[in-house]
**Student:** 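This is the structure, below, for whatever I ask next.
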Amino acid sequence: MVGLIMIGLARCIAMVIVWNELAKGDSEYAAGLVAFNSIFQILLYSVYAYVFVTILPKYFGQEGSVAM
C-alpha cells in the first residue's frame with residue numbers, strides 16, 4: 001500500500017504539456033504551471049507522503065505505517 005501511495009504522489013508533470021498541446025492551449029502558461037508544480041513537488045513531497053502514509057489511512061479504517 002505504501003509503495004502505491006508513494007508512486008501516486010509523484011505526479012507526471014510531462015502530461016500537463018502533452019494535454020496542453022492536444023487542447024491547443026497557451027504553451028507559455030503551461031510551462032509556468034509546470035515550473036511551479038515542480039517546485040512544490042520538490043518542497044512538499046515529504047509532507048504529502050507523511051500525511052498520506054501515516055494520517056489519512058486512519059480515517060479510512062486502515063492502520064498507518066508509522067505508529068505515532
Side-chain angles (χ1 to χ4, degrees):
M1 181 176 86
V2 174
L4 289 174
I5 291 171
M6 300 296 276
I7 290 172
L9 287 174
R11 298 187 177 116
C12 181
I13 296 170
M15 286 307 296
V16 174
I17 297 171
V18 171
W19 286 109
N20 184 57
E21 282 294 317
L22 291 173
K24 296 180 176 50
D26 185 8
S27 297
E28 290 82 17
Y29 184 68
L33 290 176
V34 167
F36 280 123
N37 190 13
S38 299
I39 292 168
F40 289 137
Q41 282 293 107
I42 290 169
L43 296 176
L44 298 175
Y45 183 81
S46 60
V47 175
Y48 291 152
Y50 178 77
V51 169
F52 277 87
V53 171
T54 61
I55 297 173
L56 286 182
K58 294 175 187 174
Y59 290 108
F60 295 104
Q62 300 292 321
E63 187 175 320
S65 290
V66 179
M68 293 170 63

**Student:** Donor-acceptor pair, Tyr48 side chain versus Gln41 backbone, under 3.5 Å?
**Tutor:** no

**Student:** Atom CD1 of Ile5 and atom OG1 of Thr54: how far apart are they, to the nearest 0.5 Å?
**Tutor:** 9.5 Å

**Student:** Determine, using the 4.5 Å side-chain heavy-atom cutoff (strictly less than), whether Ile7 and Ile42 are members of one ILVMFWY cluster.
**Tutor:** no

**Student:** Which residues pass the side-chain contact (heavy atoms from CB on, under 4.5 Å) test with Leu33, not counting sequence neighbours?
**Tutor:** Tyr29

**Student:** What closest approach, in Å, do Ala30 and Asn20 show between heavy atoms, and which atom pair accounts for it?
**Tutor:** CB-ND2, 3.4 Å

**Student:** Other than Met15, what residues sit in its cluster of Ile, Leu, Val, Met, Phe, Trp and Tyr side chains whose heavy atoms are under 4.5 Å apart, directly or through others?
**Tutor:** Val18, Trp19, Leu22

**Student:** Clusters formed by hydrophobic residues whose side-chain heavy atoms approach within less than 4.5 Å: which one holds Phe40, and what are its other members?
**Tutor:** Phe36

